[in-house]
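Working notes, structure below.
Only heavy atoms go into these numbers, but all of them, side chains included; no hydrogens, no water, no symmetry mates.
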Amino acid sequence: SEIAVMNTQDDATNSYAGVFFQAGETSNGAAINAARIGALRESAINTALVFGTRSGSGMLERMRIKSDGGLITNPSADGTTIFNDGGVDADLHVESSGNANMIFVNGGNDTVSIGTGSDYSTPIFKVYGTAINQNSSYYQLALESDLAATSTPKAGISFRGEYNTSGNAHMDLGVIQGEKENAVDAETGGQLTFHTRVNGGNITERMKIASTGATTITTTGNEDTLTL
């Protein structure tokens, strides 16, 4: 058996039929609409299922299942959307048209993968897939700066770790950085730099491989500049 909730409004869009859930009363005895579930007519033939809850600003839509099966969530500012709140061994898959594991979170191994559901020595994060070829180089992961060409864009990766156990304080231990070689528009020279940190100091560039392949190594003490 089924129960029908009907809105007889003759409107191609935005007509709504749903159920309110009341919880408690106000100080003057009025019932409080605490939540709602309803069907929303998005167009002449498309409908969505919407879920709403009440906050200080009133009844608000929190989740919508669209006519095409797409899912939209609308948390408040500083709100969170949690998958697997119970912390059990459950996996999360995000599929694409050609890959069942476009994003794969392995709940048992605490790992995140892009492009594969297989574990390779179970690193926390891995990227798997056909490499992109750029002349003599191949890569599966790209980091790109949002700076303009005339602002010497840089893109890098930081290697971090804890340096103070009692304070749970972490820092950048080393950085590898790819850079546009200058701020001249339309020039394509790129260089690679390596950065480390001495005790009590800042992250400092230690080695540079220029666009020509020339390598410069910099030190701050009396130690040898290069040991082979």
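- Under the 4.5 Å side-chain contact rule for hydrophobic residues, Met171 and Phe159 do not share a cluster.
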Working note: Arg206 + Val198, criterion side chain to side chain contact (heavy atoms under 4.5 Å, CB included); need CA distance, chi angles, decisive distance, verdict.
CA-CA 11 Å; Arg206 303 302 186 191; Val198 298; 3.4 Å; yes
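- The distance from the CG atom of Asn99 to the OG1 atom of Thr116 is 8.0 Å, given to the nearest 0.5 Å.
- Applying the side-chain hydrogen bond (donor to acceptor under 3.5 Å, both in side chains) test to Glu179 and every residue at least two apart in sequence or in another chain returns Gln177, Gln191, Thr193.
- Hydrophobic cluster membership is shared by Leu192 and Ile217, with clusters built from Ile, Leu, Val, Met, Phe, Trp and Tyr side chains linked at under 4.5 angstrom.
- Side-chain N/O atoms of Asn164 and Ser166 include a donor and acceptor closer than 3.5 Å.
- A cation-pi arrangement is absent between Arg197 and Tyr163 under the rule of less than 6.0 angstrom and at most 45 degrees off the ring axis.
- Rounding to the nearest 0.5 Å places CD of Glu95 at 11.5 Å from CD1 of Ile103.
- Proximity of Tyr16 to Val50: side-chain heavy atoms (C-beta onward) are separated by under 4.5 Å at one or more points.
- Of all the heavy atoms in Ala17 and Val5, the pair that sits closest is CB-O, 3.5 Å.
- The minimum heavy-atom distance between Met59 and Asn33, with the atom names listed, is CE-O, 3.2 Å.
- Two different hydrophobic clusters hold Tyr128 and Ile132 under the rule that ILVMFWY side chains link at heavy-atom gaps under 4.5 Å.
- Asn106 and Thr111 share no side-chain donor-acceptor pair at under 3.5 Å.
- Residues meeting the ring pair (Phe, Tyr, Trp, His ring centres under 6.0 Å) test with His93, sequence neighbours left out: Phe104.
- In this structure, the side chains of Ile114 and Met102 come closer than 4.5 Å at one or more pairs of heavy atoms.
- Using a 4.5 Å heavy-atom threshold, the side chains of Lys66 and Ile72 count as touching.
- Taking each heavy atom of Thr204 and Asn202 in turn, the nearest pair found is OG1-O, 3.0 Å.
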With side chain to side chain contact (heavy atoms under 4.5 Å, CB included) as the test, would you mind laying out the steps for His195 and Asp172 before giving the verdict?
CA-CA 10 Å; His195 309 246; Asp172 299 316; over 6 Å; no
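- One hydrophobic cluster, built from ILVMFWY side chains closer than 4.5 Å, holds both Val105 and Phe83.
- Judged purely by atom type and a 3.5 angstrom limit, Glu181 uses its side chain to pair as donor or acceptor with the backbone of Ser211.
- Here Leu60 sits alone; no ILVMFWY side chain lies under 4.5 Å from its own, so it joins no hydrophobic cluster.
- Between Pro153 and Lys180 the shortest side-chain heavy-atom distance falls below 4.5 Å.
- Ser145 approaches Leu147 most closely through the heavy-atom pair OG-N, 3.1 Å.
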